[in-house]
Amino acid sequence: VSFAYSAYTVFQNLNFEITQGQKIALVAPNGAGKTTLLHLLSKMLVPDQGKVSVYKDQKIIEKRKYFSDLGIALPHPYMLMDYTIEENLILHQQFHQNPEFKHAAELAKLFSMTHIMNRKCGNLSFGELRKATLIKALMNHAPYVMLDEPTNGLDDRAKDLLLEYLKTLDGILIIATHDRSWAVDL
C-alpha cells in the first residue's frame with residue numbers, strides 16, 4: 001500500500017499481514033502516520049496504490065460485512081451531541097444489527113458510566129465522552145478493533161481498566177498511541 005497527502009508521502013509499498021488474535025500497538029510520535037494507517041486499515045481512506053484486503057477463512061470479506069465487524073474509536077467522538085450516551089449506543093447497535101445491549105451496560109459499569117448513560121453527549125466532560133466512544137467501539141464484540149489514542153482524556157484508573165479489558169479480546173486489536181508506557185503492557 002502506498003499513500004500520500006498531496007506531495008507528502010506517508011507510506012510507500014507498505015506490506016504486512018495481521019492474523020486473528022494479534023494485538024498490535026503502533027507507538028510513534030504525533031504526525032508519524034498512525035492515524036492514517038488506521039484510516040487505511042478501516043477503509044476510511046483509499047490507498048494511492050495497492051489495496052487493503054481482509055480475509056476470513058481465506059475469503060475476502062465484503063466491505064459492508066467488514067464495517068459491521070469493525071469496532072473503531074477515533075480521536076473525534078463521532079457521537080450525536082444532542083442525544084444521550086444510551087441513545088447513541090442504541091443507534092450504533094442498530095447499525096451493527098446486534099439486538100443485545102447487555103455488553104454496552106457491562107462496559108458502562110466497568111468505566112463507572114452507568115449513572116450518566118442518560119446524559120446528553122454534549123454535556124459530558126472530555127474523559128466521559130472518551131469513555132462513551134470506547135464503549136461504542138467495544139460493545140458489539142467486534143472481531144476487528146482499532147483504537148486511535150484511546151488513553152487521551154482518561155484518568156489512570158480508566159487507563160488500567162481499559163488495558164485489562166483489551167487483554168481479554170480474542171480478535172484483532174490495533175492501537176495507535178504515543179503513550180508507550182501504557183501500550184507496553186498490552
Please round to the nearest 0.5 Å and tell me the distance separating atom [atom1] of [X] and atom [atom2] of [Y].
X: Leu173; Y: Tyr144; atom1: CG; atom2: OH; answer: 13.5 Å
X: Lys131; Y: Phe126; atom1: NZ; atom2: CZ; answer: 12.5 Å
X: Leu169; Y: Leu138; atom1: CG; atom2: CG; answer: 6.5 Å
X: Cys121; Y: Asn88; atom1: SG; atom2: CG; answer: 4.0 Å
X: Leu38; Y: Glu149; atom1: CG; atom2: CD; answer: 9.5 Å
X: Met44; Y: Leu70; atom1: CE; atom2: CG; answer: 9.0 Å

Which heavy atom of [X] sits nearest a heavy atom of [Y], and at what distance?
X: Val184; Y: Ser181; value: CG1-O, 3.4 Å
X: Gln20; Y: Gly171; value: NE2-CA, 3.2 Å
X: Arg130; Y: Leu74; value: NH1-O, 2.7 Å
X: Ala4; Y: Thr9; value: CB-CA, 3.7 Å
X: Ala142; Y: Gly71; value: CB-N, 3.4 Å
X: Ile135; Y: Met113; value: CD1-CG, 4.3 Å

Is there a path of hydrophobic side-chain contacts, each under 4.5 Å between heavy atoms of I/L/V/M/F/W/Y residues, joining [Y] to [X]?
X: Ile61; Y: Phe16; value: yes
X: Leu40; Y: Val145; value: no
X: Ile18; Y: Leu37; value: yes
X: Leu110; Y: Ile175; value: yes
X: Leu161; Y: Met139; value: yes

Pairwise side-chain contact, [X] with [Y], heavy-atom cut-off 4.5 Å (strictly under):
X: Ser2; Y: Leu14; result: no
X: Glu164; Y: Asp160; result: no
X: Leu89; Y: Thr84; result: no
X: Gln22; Y: Ile174; result: no
X: Gln49; Y: Phe3; result: no
X: Asn152; Y: Pro75; result: no
X: Asn140; Y: His103; result: no
X: Leu124; Y: Ile116; result: yes

### Task
Check whether more than 12 heavy atoms from other residues, nucleotides or ligands sit under 6.0 Å from atom NZ of Lys159, and answer yes or no.
yes
### Message
Cation-pi check for Tyr66 against Lys43: NZ or CZ below 6.0 Å from the six-membered ring centre and within 45 degrees of the axis, yes or no?
### Response
yes
Where at least one partner belongs to [range], residue pairs that pass side chain to side chain donor-acceptor pair (under 3.5 Å), sequence neighbours excluded:
range: residues 69-83; answer: Lys65-Asp69
range: residues 52-64; answer: none
range: residues 30-39; answer: Tyr5-Thr36, Thr35-Asp148

### Summary
Across all chains, not counting sequence neighbours, the side-chain contact (heavy atoms from CB on, under 4.5 Å) partners of Pro77 are Met79, Met81, Leu129, Thr133
### Message
Among residues at least two apart in sequence or on other chains, which ones pass side-chain contact (heavy atoms from CB on, under 4.5 Å) with Tyr8?
### Response
Val10
### Query
Below 4.0 angstrom, N of the basic side chain to O of the carboxylate: do Arg119 and Glu128 qualify?
yes
### Query
Salt bridge check: are Asp185 and Lys167 linked by an N-O gap of less than 4.0 Å?
no
### Test item: Lys136 side-chain N/O and Gln93 main-chain N/O as donor-acceptor pair under 3.5 Å
no
### Query
So, the side chain of Trp182 versus the backbone of Thr151: is there a donor-acceptor pair under 3.5 Å, distance only?
no
### Message
Suppose we screen for side chain to side chain donor-acceptor pair (under 3.5 Å). Which residues come up paired with Ser42, at least two apart in sequence or across chains?
### Response
none
